[in-house]
There are 2 protein chains.
Amino acid sequence: MDRPNTMALLAVPTRMAMLFALMDGSALPASELAHRAGVSPQTASHHLALLIEAHLLVVERCLRYRYYRIASPAVVEAIESLLVISGQPALKERADHSQLERLRLARTCYDHLAGRIAVSLADALQKKDWIVLEGRDFQVTERGESAFNKLGIDLPMLRKQQRLFARRCIDWSERRPHLGGALGAALLARFQEMDWVRKKTGDRQVHISSKGQQELWKRFGIDL
Amino acid sequence: MDRPNTMALLAVPTRMAMLFALMDGSALPASELAHRAGVSPQTASHHLALLIEAHLLVVERCLRYRYYRIASPAVVEAIESLLVISGQPALKERADHSQLERLRLARTCYDHLAGRIAVSLADALQKKDWIVLEGRDFQVTERGESAFNKLGIDLPMLRKQQRLFARRCIDWSERRPHLGGALGAALLARFQEMDWVRKKTGDRQVHISSKGQQELWKRFGIDL
DNA sequence: TAGCTGATTCGATATCCATCGAAATATGAA
DNA sequence: TTCATATTTCGATGGATATCGAATCAGCTA
């Protein structure tokens, strides 16, 4: 496996189109990137694999979904400096590094929370002995049954759903497990109900309200 | 003629090798760049033409020689930012913009002076009516004959040389004419003799001594 | 279990272009 | 002029790779 030539990767318009689509710090699935670059899914997959290998992109796997994002601010800077000398008009929306930082803190992964907040929450729930990790799933303990109930989450109802109940999902930015599945989705929904967090539509960004910060600290010892 | 793809230009190792050789702000002839990149002169010529067209390089023509150099600091910056994300070790000798500035001020063009000092000198010599521009050459006036002699330059001797006497050479950084040919070379040699300027061997950089600065101002009204 | 969707792998094809030999050009030197 | 040197142009070739169809894989749902 040779060292991939980073310069050559940036030379192909299709790959550059994909990178452009991610320059604002967002994370998009392969199909969307294929569409934006105007190529077939196979071709997009091929290019994305190369960009991953060269560490220009990273992929965040959540359940069966995969979101691609720019690997680091350095990549954005390099592309921007290339735009300068290529005589292209600079990007209107420059990459917002602080936004990327916010995404690392709290974002959605499909329909549940991800990021530092989700990893911290999974840690706290295990520490409080509400859940335990067993293989690729979490199990809710006896203590957890009543505690989740008191939090306003109807576990028996969730179990009736035909989806994985409490899936362990590996976080990209933290590289540690957080809570997915029906329970993860219910937690996000309940947090929104209580106005602990607010989810922007059409975006994966999640804002933590001051009330949410207080409650997370008081109830779970989470200080983000 | 399509717009050349700057990214594609940087993707080829041969072209990158040439750019690397010029990253320190130096200017080299095509043959030297071909040698450093390990390709034939034809191939080098082809690549250099593309780099010129894309405004990544500029060429400085002096008599029959052509020196290629990086077109602007932005190019150096872009290449350096690419090195960051390509995982290459950074260049030991990073491009020194202040050095590039010094080159713009005073450098050699083959065997005579170029840069701001040379352009200013040509201007001053015309203003003092020592020389006049005629087509592609300068002519020494009657007043110039004695003045150059007093400066320690033997014009009759220079005229015996089998080379162009006082060629007009267009300066890259200034885009204006300066003095080349036998007279230009003699002036540089005389300036070195009088320790007005010092030429580093194996380099095109020329240092102007404080004595030189004084004399240039006193005798020619040149204030660099 | 089968079914669905998103994504990847494999194989074949077509296109792009870096390279160099040969020849031409440019420019100054003898 | 004639020669010499540096560079460029032209043409042909070979290698690299972007692309997509078809098949396969991965993960969840019913």
Side-chain angles (χ1 to χ4, degrees), chain A residues 2 4-5 7-18 28-35 37-53 59-68 109-112 136-137 160-170 180-182 184-185, chain B residues 2 4-5 7-18 28-35 37-53 59-68 110-111 136-137 160-165 167-169 180-182 184-185:
Chain A
D2 308 289
N5 183 342
M7 325 293 179
L9 291 179
L10 299 178
V12 175
T14 298
R15 283 193 289 258
M16 196 48 96
M18 293 174 162
L28 299 172
S31 53
E32 172 66 16
L33 289 170
H35 176 69
V39 293
S40 68
Q42 306 94 291
T43 302
S45 177
H46 170 68
H47 289 308
L48 289 171
L50 293 176
L51 292 171
I52 294 283
E53 189 191 2
V59 63
E60 181 176 8
R61 306 176 69 131
C62 261
L63 306 179
R64 67 169 154 169
Y65 300 87
R66 299 182 189 195
Y67 295 96
Y68 293 84
C109 175
Y110 186 31
D111 60 359
H112 59 268
R136 296 176 54 175
D137 291 274
K160 280 188 208 152
Q161 287 184 20
Q162 291 286 7
R163 67 181 285 192
L164 290 174
F165 174 63
R167 192 61 150 173
R168 180 206 61 176
C169 192
I170 299 292
Chain B
D2 307 290
N5 183 342
M7 325 292 178
L9 290 180
L10 300 178
V12 175
T14 296
R15 282 192 289 258
M16 195 49 95
M18 292 173 163
L28 299 172
S31 52
E32 173 66 17
L33 289 169
H35 175 69
V39 293
S40 67
Q42 306 95 292
T43 302
S45 175
H46 171 66
H47 290 309
L48 289 171
L50 294 176
L51 292 171
I52 294 284
E53 189 190 3
V59 62
E60 182 177 7
R61 307 178 69 128
C62 263
L63 305 180
R64 67 170 156 166
Y65 300 88
R66 299 182 190 196
Y67 294 97
Y68 293 85
Y110 186 32
D111 60 358
R136 297 176 55 176
D137 291 274
K160 280 188 206 152
Q161 286 185 21
Q162 291 287 8
R163 69 180 286 193
L164 290 175
F165 174 65
R167 192 62 151 173
R168 180 205 62 178
C169 192

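Sequence lines set the chain letters: A, B, ... in the order given, protein chains first and strands last, and positions in each chain run from 1. Side chains included, hydrogens not; waters and symmetry mates left out as well; all remaining heavy atoms used.
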Using side-chain heavy atoms (C-beta onward) and a distance below 4.5 Å, is Tyr67(A) in contact with Val59(A)? no
What's the closest nucleotide to the side chain of Arg15(A) if the choices are dT8(D), dA18(D), dT19(D)? dA18(D)
Audit row: Glu60(B), Arg66(B), side-chain contact (heavy atoms from CB on, under 4.5 Å) steps and yes/no: CA-CA 6 Å; Glu60(B) 182 177 7; Arg66(B) 299 182 190 196; over 6 Å; no
Within this structure, what is the CD-to-C1' distance between Glu32(A) and dA7(C), rounded to whole angstrom? 15 Å
Separation of Arg168(A) atom CZ from dG27(D) atom P, in whole Å? 11 Å
Is there a side-chain polar atom (N or O) of Arg66(A) under 4.0 Å from OP1 or OP2 of dG27(D)? no
Atom pair distance, as rounded to whole Å: CG in Asp137(B) and C1' in dG28(C): 12 Å
Comparing nearest nucleotides in DNA chain D, the 5'-proximal residue of the pair Ser40(A), Ala44(B) is Ala44(B)
Of all the nucleotides listed (dT7(D), dC20(C), dA18(D)), which has the minimum atom distance to the side chain of Pro29(B)? dT7(D)
Protein and nucleotides 9-11 of chain D: nitrogen or oxygen contacts under 3.5 angstrom:
none

Nucleotide dC17(C), atom P - distance to CE of Met7(A) in whole Å: 19 Å
Sequence neighbours excluded, which residues qualify as side chain to side chain contact (heavy atoms under 4.5 Å, CB included) partners of Pro41(B)? none
Of dG28(C), dC20(D), dT8(C), the nucleotide closest to the side chain of Arg167(B) is dG28(C)
Run the side-chain donor-acceptor check on residues 43-52 of chain B: report pairs under 3.5 Å with partners two or more places apart or on a different chain.
| unit_1 | atom_1 | unit_2 | atom_2 | d |
| --- | --- | --- | --- | --- |
| Thr43(B) | OG1 | Ser40(B) | OG | 3.0 |
| His47(B) | ND1 | Arg15(B) | NH1 | 3.1 |

Please write out the pairs of protein N or O atoms and N or O atoms of nucleotides 12-15 of chain C separated by less than 3.5 Å, giving the distance to one decimal.
none

For Ala11(A), is there any backbone N or O sitting under 3.5 Å from a side-chain donor or acceptor partner on Asn5(B)? yes
Rounded distance [0.5 Å steps], OH in Tyr68(A) versus CG in Leu33(A): 8.5 Å
Note: Arg167(B) and Gly181(B) closest approach over all heavy atoms is CB-N, 3.9 Å
Could Arg168(A) and Asp137(A) be called an ion pair, given the rule that one side-chain N must be under 4.0 Å from one carboxylate O? no
Given atom CG of Leu48(A) and atom P of dT9(C), what is their separation to the nearest angstrom? 11 Å
Can you measure Leu51(A) atom CG to dA18(D) atom P for me and round it to whole angstrom units? 10 Å
What is the distance from OH of Tyr68(A) to C1' of dG6(C), rounded to the nearest Å? 10 Å
Ser31(A) side chain, from C-beta outward: closest of dA18(D), dA7(C), dT8(D): dA7(C)
So do Met16(B) and Met7(A) actually touch side chain to side chain, heavy atoms under 4.5 Å? yes
Which nucleotide in the list dC20(C), dT7(D), dA18(C) gets nearest to the side chain of Leu50(B)? dA18(C)
Mind calculating the distance between NE2 (His47(A)) and C1' (dT9(C)) to the nearest angstrom? 15 Å
For Ala185(A), what residues pass the side chain to side chain contact (heavy atoms under 4.5 Å, CB included) criterion, not counting sequence neighbours? Asp111(A), Arg163(A)
